[in-house]
Amino acid sequence: MAHIAEIFKDIVGDGNVLTKDVETAYYRSGYRYGFGGAAAVVFPSNLVEQWRVLQAAVDAGCAIIMQATKTGLTGGSSPSGFDYDRDVVIINTSHVRGLRLLKGGTQALAFPGTTLFELGQELKRIDRVPHSVLGSTSIGATVIGGVANNAGGALCKRGSSYTEFALYARVNREGKLELIDHLGIRNLGETPEEILHSLESGDFSDSDLIDDGRSASDVDYVNRIRNLESTVPNRYNADPRRLYEASGSAGKVACFAVRVDTYPAPREKQVFILGTNDPQHFVKMRRHILSTFEHLPEMCEYMNRSTFSIAEKYAKDVALSIKYIGTDRLPKAYALKAKVEYLLNKIPLLPKYLPDIFLYYACKLFPQHLPRRLREFRDAYEHLLILITADEAIDEARSYLEEDWGKTDGVGFFECTEQEQEAALLHRFSAAGAGIRYQNLHQRTTEEVLALDVALLSSDPEWVEELPEELTRDMVLDLSYGHYLCHVFHNIYVFRKGTDLDRMKTLMLQRLESRGAKFPAEHNVGHLYEAEQVVKDFHQGLDPTNTFNPGIGKTSKSRQSPS
């Protein structure tokens, strides 16, 4: 591998090639799950360098893992284990940034390292917003990463990240790297390097854009979500209608650029907090909103009481970091934490995840970060919703809550102040890591976290599962949160030490499958889920030699011989 590392250094410079274990550890691990081996991590600085690094890796017969800011939750952008049949190279594109607004800002062109946060900041200047709003936006999720994983986000009206306009590289059946230009921009050049150089230099105008009926977003989601009797969930990663070239590719191609739609920013927002102890109250409310509201809410986020409480205690540092450190600094902070953690884990007798333990106790020194009314609702109600409305939807929601919901026994609601709104949304986001932190601090007595990413049928009334004693006997933690109107839920379970997690997962997924649920819903298969056959076939068509991200969706890691 020393020879190919020198070739990489000739392309990107010595400082942009990492080979030492301590330097690569962060990039070889998933944000929540996964760890494996890699011979090198390479950081191209522009599109042409990315192409040359890819060509060198393909020529050397390497397995290639494309990676940006590594915010995926199922290990799909990091190696899985050490049993690959060839050297693994991670190509990290976080330095390959570029963003250009097109067609008066109604579309955007994004390069591999461009984050959703950066796109959102750019669009603020013209009162527009991105297609996708993801929880991981706050820790650096990229536009292209969202597209590659059909990431869902929280928006009720815009569904999964999706586009049919993309520029990407693939390895064909003959084992040759080729550039596929379906970006829809004329006159960029003939050779790959000409095309990439022209794109990066911005040597084109709106008059060069091709609009031929292809979509730059999931345009019919608002209609799908209103179909309360659909025989498949609203959105899920194996939906064949959302598998198209780079969209849903899960790293089986190397994407250089995408065109995505943008949307007018809401003029006004209002957040409502709803609570109940009877899940059927939320079922009735959901069906009423989806079937009668003219204007759907922007988001409708669910948390059970356990999630609220565990996040309050174990994820306080995440909420405080976003609020006071700032979104743009968080990825570097997480990388530093991972490097420190790797070094400390090499010292005998020290507990694992020492930085997590430190952050947990350090945050106890800070005052209570959640407003009183939020905590009172948590104490009063087992099930909570954060209902985010905008513009015309505000009065429609307020009228329903006052005239219908508010007159129902056993429920409650209130309108958030600006402070309560910020705190509620930060709390919902920070909840995503609370179960992991809990397990890290109780690692001596608990097994690893079992996390399920599930899309339920819209008609499924049992969205709060009554699990049998066989599954709950050794369960210490049962967290549930998600996007309620979309019927997408993230269920986090922690079991006592010695529990057979594989068996627990199999039993849970069998129960869900019998009810028509799909999994994963929006985090993609990564190395946690077995891909459905439609996904395996799609990925095989994109990457017939199994060069990119081998093993994804529990498929073979072995190289497939060129035909």
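Hydrogens, waters and symmetry mates play no part in the numbers below; they use all other heavy atoms, side chains included.
Between Arg158 and Asp218 no salt bridge is recorded (no basic side-chain N to carboxylate O distance below 4.0 Å). Salt-bridge formation is detected for the pair Arg437/Asp317: a Lys NZ or Arg NE/NH1/NH2 atom is positioned less than 4.0 Å from an Asp or Glu carboxylate oxygen. Using a 4.0 Å cut-off between charged side-chain N and carboxylate O, Glu532 and Lys518 make a salt bridge. Between Lys557 and Asp83, at least one side-chain nitrogen of the basic residue sits less than 4.0 Å from a carboxylate oxygen of the acidic one, meeting the salt-bridge criterion. Under 4.0 Å is where a charged nitrogen must lie from a carboxylate oxygen, and between Glu200 and Arg97 no such pair does. Ionic pairing of Arg52 and Glu193 is present here: one or more N-O contacts between side-chain nitrogen and carboxylate oxygen are shorter than 4.0 angstrom.
At a cut-off of 3.5 Å, with distance as the only test, a side-chain donor of Lys252 or Asn546 sits close to an acceptor on the other residue. A donor and an acceptor atom, one from each side chain of Glu522 and His490, are located under 3.5 Å apart. In the model, His182 has a side-chain atom that pairs as donor or acceptor with a side-chain atom of Glu245 under 3.5 Å. For the 3.5 Å distance criterion, the side chains of Gln50 and Asn46 fail to qualify, holding no donor opposite an acceptor. Remark: the Asp478 side chain and the Ser306 side chain contain no N/O donor-acceptor pair separated by less than 3.5 Å. Checked by atom type, the side-chain pair Asn440/Asp356 shows a donor-acceptor distance below 3.5 Å. For the residue pair His427 / Glu312, no side-chain donor-acceptor distance below 3.5 Å is found, with atom types taken as modelled.
The two residues Asn524 and Asp453 come nearest to each other via the heavy atoms N-OD2, 4.5 Å. Listed here is the closest heavy atom pair of Leu456 and Ala517: CD2-CB, 3.9 Å.
Interatomic distance, CG of Asp474 versus CG of Asp500, reported as 10.5 Å (0.5 Å rounding).
By the 30° and 60° cut-offs, the orientation of the rings of Tyr314 relative to Tyr360 is parallel. A tilted orientation is assigned to the rings of Tyr493 and Phe495, their planes being inclined by 30° to 60°. Ring pair Tyr27/Phe43 is perpendicular by interplanar angle, where above 60° counts as perpendicular and below 30° as parallel.
Within a 6.0 Å sphere centred on NZ of Lys176, heavy atoms belonging to other residues, nucleotides or ligands number 12 at most. The neighbour count for Phe358 CZ, taken as heavy atoms of other residues, nucleotides or ligands under 6.0 Å away, does not exceed 12. Within 6.0 Å of atom CZ in Arg496, more than 12 heavy atoms from other residues, nucleotides or ligands are found, so the atom counts as buried in its surroundings. Residue His197 places its NE2 atom among 12 or fewer non-hydrogen atoms of other residues, nucleotides or ligands, all under 6.0 Å distant.
Side chain of Asp239 to main chain of Arg235: no donor-acceptor pair is present (N/O by atom type, distance under 3.5 Å, no hydrogens or angles). With Arg170 contributing its side chain and Leu542 its backbone, the two residues share a donor-acceptor pair below 3.5 Å. Looking only at distances, no side-chain donor or acceptor of Glu6 sits under 3.5 Å from a matching main-chain atom of His3. The closest donor-acceptor contact from the side chain of Arg28 to the backbone of Ala38 lies at 3.5 Å or more, if one exists at all.
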message = One pair to check against side-chain contact (heavy atoms from CB on, under 4.5 Å): Leu199 and Ile185. What are the steps and the verdict?
response = CA-CA 9 Å; Leu199 190 63; Ile185 302 177; 4.0 Å; yes
task = Could you give me the CA-CA distance, side-chain angles and deciding distance for Leu99 and Leu119, then say whether side-chain contact (heavy atoms from CB on, under 4.5 Å) is met?
result = CA-CA 7 Å; Leu99 173 61; Leu119 176 56; 3.6 Å; yes
message = The test is salt bridge (Lys or Arg N to Asp or Glu O under 4.0 Å); show your working for Glu530 and Lys536 and say whether it passes.
response = CA-CA 9 Å; Glu530 181 174 354; Lys536 291 178 181 178; 3.1 Å; yes
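Inter-residue side-chain proximity for Asn237 and Asn149 is flagged as unmet; no heavy-atom pair is nearer than 4.5 Å.
Exactly one of Ile195, Ile180, Val258 qualifies for a side-chain contact (heavy atoms from CB on, under 4.5 Å) with Leu167. That residue is Ile195.
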